[in-house]
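Shown next, in structure tokens, is the structure this report addresses.
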Amino acid sequence: KTFQRWQKIIKQGDVGNEFYILEDGKASAVKNGKVVKAYGPRDYFGELALIREQPRQADVIVDSATAKVLCIDRKCFRRLLGPLDELLETRAAQYTKG
């Protein structure tokens with residue numbers, strides 16, 4: 001999928017059904033109006049809602065003119081990345097520290 005500048009890829013509070021890998025462009029995670037993380041090519045996001053089965057914890061907004069992302073739905077995420085749950089959970093813990 002391709003998104004335009006200022007477009008939300010993820011909206012805080014929404015139910016999460018997809019995992020994203022940023023292929024091209026830049027984006028930022030914004031929680032309660034504050035930028036908490038910057039993303040560039042090859043970065044991923046959206047895993048928290050899938051592994052913890054909770055609402056999205058932040059908006060992810062496109063910073064560049066466009067951003068191209070690879071989307072993986074919940075079923076494929078579990079099938080492809082299920083064995084990595086422990087690693088993803090460790091990374092997820094880093095979000096809550098900030």
Side-chain angles (χ1 to χ4, degrees):
K1 292 182 180 180
T2 300
F3 294 87
Q4 305 300 313
R5 184 184 311 270
W6 314 126
Q7 193 172 4
K8 289 182 183 178
I9 301 171
I10 287 178
K11 183 177 177 191
Q12 186 174 351
D14 280 357
V15 173
N17 290 311
E18 292 181 309
F19 170 73
Y20 300 90
I21 300 171
L22 189 58
E23 293 184 69
D24 187 47
K26 294 181 182 179
S28 295
V30 179
K31 187 170 185 173
N32 301 320
K34 180 181 175 186
V35 175
V36 294
K37 183 150 178 62
Y39 297 107
R42 295 183 296 250
D43 286 334
Y44 62 89
F45 50 90
E47 75 280 6
L48 286 179
L50 299 179
I51 63 177
R52 294 185 175 172
E53 296 188 18
Q54 63 187 24
R56 299 288 190 190
Q57 296 298 299
D59 293 327
V60 175
I61 301 170
V62 177
D63 295 328
S64 51
T66 62
K68 185 177 177 183
V69 297
L70 171 68
C71 303
I72 300 173
D73 67 26
R74 182 182 295 273
K75 184 177 177 182
C76 289
F77 176 83
R78 286 286 181 209
R79 189 181 75 225
L80 296 172
L81 302 175
L84 299 176
D85 274 354
E86 186 175 319
L87 176 65
L88 292 170
E89 190 62 45
T90 299
R91 178 174 171 192
Q94 294 173 354
Y95 289 126
T96 58
K97 291 178 184 178

Return the set of residues passing side chain to side chain donor-acceptor pair (under 3.5 Å) with [X] (not counting sequence neighbours), or none when no residue passes.
X   : answer
D73 : none
T66 : none
Q12 : N32

(message) Going by the rule salt bridge (charged side-chain N to carboxylate O under 4.0 Å, His left out), which residues pair with K68 if we only count those two or more places apart in sequence or in a different chain?
(response) none
(request) Please identify each residue that fulfils salt bridge (charged side-chain N to carboxylate O under 4.0 Å, His left out) with K1, with sequence neighbours left out. (result) E18
(message) Count I, L, V, M, F, W, Y as connected when their side-chain heavy atoms are under 4.5 Å apart, and connections chain through other members. Are V30 and Y39 then in the same cluster?
(response) no
(request) Check ring pair (Phe, Tyr, Trp, His ring centres under 6.0 Å) between Y20 and all other residues, then give those that pass, not counting sequence neighbours. (result) F45
(message) Quick check: closest heavy atoms across G16 and A49, and the distance to 0.1 Å?
(response) CA-CB, 3.8 Å
(request) Could you tell me which non-hydrogen atom of Q54 sits nearest to which non-hydrogen atom of Q57, and how far apart they are? (result) NE2-CG, 3.6 Å
(message) Can you tell me which residue among V60, D59, I61 is in a side chain to side chain contact (heavy atoms under 4.5 Å, CB included) with K11?
(response) D59
(message) R74: which residues meet the side chain to side chain contact (heavy atoms under 4.5 Å, CB included) condition with it, sequence neighbours left out?
(response) N17, L50, E53
(message) Distance check, rounded to the nearest 0.5 Å: I10 atom CD1 versus R56 atom CZ?
(response) 4.0 Å
(message) Return the CZ to CD1 distance between R42 and I21, rounded to the nearest 0.5 Å.
(response) 11.5 Å
